[in-house]
Participant: 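Here it is, the structure, as structure tokens.
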2 protein chains.
Amino acid sequence: MRYAAGHKEATRARLLSAGGAVIKKNGFATTGVDSLMETVGLTGGAFYSHFSSKSDLLEAILARELNLTREMLTSKQDLPLEQWLSETLNRYLSFEHVKHPETGCPIPALSTEVARSDKAVKRAYEAMLGEIKNRLAKRIGQDAAWAAIAQCVGAVVIARAMASDASGKKVLASSRNFLKKALLKNK
Amino acid sequence: MRYAAGHKEATRARLLSAGGAVIKKNGFATTGVDSLMETVGLTGGAFYSHFSSKSDLLEAILARELNLTREMLTSKQDLPLEQWLSETLNRYLSFEHVKHPETGCPIPALSTEVARSDKAVKRAYEAMLGEIKNRLAKRIGQDAAWAAIAQCVGAVVIARAMASDASGKKVLASSRNFLKKALLKNK
DNA sequence: GTCTATAGGCTGATAGAC
DNA sequence: GTCTATCAGCCTATAGAC
């Protein structure tokens, strides 16, 4: 073998990381294999020694990215409820998050395309989302967990589609206010 | 002129209606001009006598579709709050809506692509969404209006990406429960 | 493990016939 | 107003050289 041991694994890891950023920003269907490979300094033909299809890549990227989201949402679980809630919501529902999909959560960026993908992709998505929900449910309950996820995702999706920054910020602020109030009251 | 007066307008109207259904189902970027024209029984070349670009079509479709959503959400404004809320939420957050994007609301189907479109498209989106929010705000208040829209959109987006029907239904039910409780309490 | 070359098919958009 | 023909460029995926 003319390449160091672990070379393939390293390339695959870079592909998941750099590729994930690109498709969160520009979309999965609209990003070609060639430009995906460019992000790791390789040419298109080499793609298929790492993944059997483009859809296979989406599945792997989703697993990785959703894992990161789960860690992020549950990293401060030892804080008191109100503080944990406030910090987590302020971070997820920030204008920074809206403006930078490439470093953000895959759910608002990729869900619509997951909905149009094959069963394997959807299964990866469903499994990870279920885990995220379970972790949140421990603190705020089952219904509230799904509702909070849905609302955060929807707010980011809508804020990103707005023409003006001001409108996007309004959507975020309303969702933050509403969720904090509702989640602390119903507890 | 070899075609009846109003023929062009009629073709354009059919294009907006049939095209809207197709792109809500299959996505805007992934649907070609040729297949868009097929839905109204014409060939690709004829597209450009109706719209100056594909993006121009998206703008027109959004205006039309969001107008329909607005009418739907506010059609039963004369009912008592609780009843209006319940009926509207049950309809928007239904499994039927999740399974049939082609006849459903454009916001969960197209927002992610609007976010990646040009300023004109985003302006059309922002203007119509603002109107929808204003109508809802009259009944439930400003923050709650944005929050409710965000949550409904997020729930449908997520439910559509789930592998199993059961998971999608859970997300919908949680959002329905949570929203009804929160909106009636905070009033 | 990555390369180049290639296949066959799709894209958005234009020109000119009818 | 719609047609066909055409452009250059992109797509996913494969074959075979190195």
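Residue numbering restarts at 1 for every chain, and letters A, B, ... go by the order of the sequence lines.
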Participant: Drop me the distance from B:Ser167's OG to A:Arg123's CZ, to the nearest 0.5 angstrom.
Facilitator: 12.0 Å
Participant: What one-letter contact string describes nucleotides 12-17 of chain C from 5' to 3', where B marks a base within less than 4.0 Å of any protein heavy atom, S marks contact via sugar-phosphate atoms alone, and - marks no contact?
Facilitator: SBB---
Participant: Within this structure, what is the NE2-to-C1' distance between A:His50 and D:dT12, rounded to whole angstrom?
Facilitator: 17 Å
Participant: Partners of B:Glu113 by side chain to side chain donor-acceptor pair (under 3.5 Å), sequence neighbours excluded?
Facilitator: none
Participant: For D:dT2, does either OP1 or OP2 sit under 4.0 Å from a side-chain N or O belonging to B:Ser49?
Facilitator: no
Participant: To the nearest Å, how far apart are B:Arg12 CZ and D:dT2 P?
Facilitator: 13 Å
Participant: Measure from CG on A:Leu42 to P on C:dG1 and round the result to the nearest Å.
Facilitator: 12 Å
Participant: Would you compute the distance between atom CG of B:Asn26 and atom OG1 of B:Thr31 and round it to the nearest 0.5 angstrom?
Facilitator: 5.0 Å
Participant: Taking A:Ile107's backbone N and O only, do any of them form a donor-acceptor pair with A:Ser111's side chain (distance below 3.5 Å, no angle check)?
Facilitator: yes
Participant: Between B:Asn67 and B:Arg70, is there a side-chain donor-acceptor contact under 3.5 Å, judged purely by atom types and distance?
Facilitator: yes
Participant: Verify, without hydrogens or angle tests, whether A:Thr39 (side chain) and A:Leu36 (backbone) share a donor-acceptor contact under 3.5 angstrom.
Facilitator: yes
Participant: Let me know the distance between CG of A:Leu57 and C1' of D:dA13, rounded to the nearest Å.
Facilitator: 14 Å
Participant: Rounding to an integer number of Å, can you tell me how far A:Asp56 CG sits from D:dT12 P?
Facilitator: 14 Å
Participant: Return the value, rounded to whole Å, for the distance between atom CZ of A:Arg14 and atom P of C:dG1.
Facilitator: 13 Å
Participant: Are B:Thr11 and D:dT2 close enough that a side-chain N or O sits under 4.0 Å from OP1 or OP2?
Facilitator: yes
Participant: Between C1' on D:dA13 and CE on A:Met37, what's the gap in Å once rounded to a whole number?
Facilitator: 13 Å
Participant: Rounded to whole Å, how long is the line connecting atom NZ of A:Lys8 with atom C1' of C:dT2?
Facilitator: 11 Å
Participant: Reckon B:Thr43 has a side-chain N or O less than 4.0 Å from the OP1 or OP2 of D:dT2?
Facilitator: no
Participant: Do any pairs count as a side-chain hydrogen bond (donor to acceptor under 3.5 Å, both in side chains) and have a residue in residues 140-151 of chain A, sequence neighbours left out, and if so which ones?
Facilitator: A:Lys133-A:Gln142, A:Asp143-B:Ser174, A:Asp143-B:Asn177, A:Gln151-A:Ser175, A:Gln151-B:Gln151
